[in-house]
Amino acid sequence: MIRIENLSKVFHPGTVNENVALRGVNLTVKEGDFITIVGSNGAGKTTLFNAISGNQPPTDGRIFVNDVDVTRDPEYKRAQYIGRIFQDPLLGTASNMALEDNMMICHRKGFKGLRISLNSRMRRYFREQLVQLEMGLEDRMKDNVGLLSGGQRQALTLLMMVLSEPALILLDEHTAALDPKNASLVLKLTQDFISRFGLTAMMITHNMKDAIEYGNRLLMMDKGEIILDVEGEQKRNLTVEKLVEKFHQIRHRTLESDEVMLSDT
Amino acid sequence: MIEGIFVEGLIYGLMVLGVFITFRILDFPDLTVDGSFPLGAAITAVMITNDYGMGITLAVAFAGGAAAGVCTALIHNKLKVPNLLAGILTMTMLWSINIRVLGNRANLPLLRRQTIISDVLELTRGVLPREWALLLFFLLLAFVIKLLLDAFFRTDLGLTLGAMGDNQQMVVNQGVNPEVLKIIGVGLSNALVALSGAFAAQYQGFADVNLGQGIIIAGLASVMIGEFVLRSNKIFALTLRVLIGSICFRGLMYLGRYYGFYINLTPSDLQLITGVLIIVLLAITQLRGQGRWKGVQQQEPATVAPGTTDAGTPVDGGER
């Protein structure tokens, strides 16, 4: 469904600050894939997401969605079929607007007209959808989103994104800023939605255990390259130790004791 | 006298609604206002002098303001110029344009011309005293426009516009082009400002290129006063308090003009007073702590219970 060919991104080319974030990445994402992506800081994970979502154009290479070249399409156009959730829970919702207003804005993708769609039928529909979050948000639909907790906001963002039925969802460490309890809650919801709606998803995580536990395919990135791509049976047999060992074999150096290891809780 | 303050407040209130849209809803500090206000006045004066009908005159003034706003938004969008600079550019260019519109003059009187004011007075002659007739008319007018605006901000497009100033990334994520929203928002804002200018010219009986001087500051002061009067997140209350703020501001200015001379104030000092007023309002907001949206009655930050979450500061949304 998504085909990425020879994707490169160089920041500040030709200067002393030149920084190669992606080096000729090739990747094919099949429909229904749930890919988890691990890698240390600066491995190029977020840059890859930025290139796919259109947030930052790549220096070189092409991106195809269903065999259509979208490499130069602006972000807002791709957002019609790509949903993205950021690490920062504040980025997915408008704080100073009521919960129901937020849901209305996210209900349908693309340019909005002068219709007043937020009626009692719509409110009932939103209510029914909010119930499945089991956070009691269905009784707070007139409250400003700014009053919700980070976990609640992230869960709401997730729900709103799923309801707009995107072809691909990009999750950029969307639980990293939450406390452990909320993080696992949001992660569980994510898994639930993805399997229930048959979504295609890519999820960056710093937590190796999560990366192994969730999804059907795992990518490991390092220095702008995908160094490991396992799926199916092979992925199910992975453990954190095996993953670290694999990294050592491929890169001939030990995985630095950064967050990749530390967040292994 | 009090009717005069209300009438002025309501006429300028349309301008303040425009300023509210850009500054508060879009988070796009737009200085075009200083040029689009006299543009509306100039268009109106010229068209009335040339015996055009009132409907078409107001429509052209509205469209002229919209064009000025679109121009600012385009400069900002296409050339990636900061929004403040884009507004200043349009405002500066408008000064020349306004003189052209007025027929290479700096002002144009509307003495003995048929204006909306004379129409209203004609219609209510013998029924209502002059001041009350005007007050009633402008009260109706301002409320119709306010209600139309409320309805607009309840539409899908209006809601998205509301999210724009709050969180542009979210708008982009919904597949909406933020540049188009800016064009619509800034255009609508300046159209209202020009409409306000159109009525102001008729009320004052002349159009002048310098009519817009300091208008943006007056608008901002009015918006801020309104925020002190009423706190809410409902669009009905938000636009209502804009009008109330505008009336209060005109009242203050009236006091300055009328009683100011006891302390040696001249009308030319009013700009300074407006600026100081804004600074004081900003300082009070700061002193109140992060309580941007808290009730006016909560004067002491120390008494604020830890449980009262603040809707205004998004930081409180995170659980960290």
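All chains are named by letter (A, B, ...) in the order of the sequence lines, taking the proteins before the strands, and each is independently numbered beginning at 1.
A donor atom on one side chain and an acceptor atom on the other are found under 3.5 Å apart for B:K146 and B:T239. Under the 3.5 Å distance criterion, with hydrogens and angles disregarded, no donor-acceptor pair is assigned to the side chains of A:H174 and A:Q87.
Looking at A:N55, the atoms closer than 4.5 Å to chain B (heavy atoms on both sides) all sit in the side chain, from C-beta outward. B:I184 touches chain A through its side chain: at least one heavy atom from C-beta onward sits under 4.5 Å away, while N, CA, C and O do not. For A:K77, no part sits under 4.5 Å from any heavy atom of chain B, backbone or side chain. Contacts between A:M97 and chain B at a heavy-atom distance below 4.5 Å involve backbone atoms as well as side-chain atoms. With a 4.5 Å cut-off on non-hydrogen atoms, A:Y81 does not touch chain B at all. For chain B, no part of A:S164 is nearby; none of its heavy atoms comes within less than 4.5 Å.
Of the listed residues (A:L114, A:I105, A:T157), the greatest number of heavy-atom pairs within a distance under 4.5 Å of chain B belongs to A:I105. Between chain B and the options A:R115, A:Q80, A:R108, A:R78, heavy-atom pairs under 4.5 Å are most frequent for A:R115. Annotation: maximal heavy-atom pairing with chain A below 4.5 Å, among B:L157, B:V180, B:D156, occurs at B:D156.
Here B:T72 contributes atom OG1 and B:K182 contributes atom NZ; the two are 12.5 Å apart, rounded to the nearest 0.5 Å. Note that CD of A:Q191 is 10.5 Å distant from CG of A:D210, once rounded to the nearest 0.5 Å.
Look at A:E165 and A:K109 and you find no salt bridge, because none of the NZ, NE, NH1 or NH2 atoms lies under 4.0 Å from a carboxylate O. A salt bridge is absent between A:K45 and A:D172; no separation between the charged side-chain nitrogens and carboxylate oxygens falls under 4.0 Å. Contact check on A:E100 versus B:R154 returns no salt bridge, with no Lys/Arg side-chain nitrogen under 4.0 Å from an Asp/Glu carboxylate oxygen.
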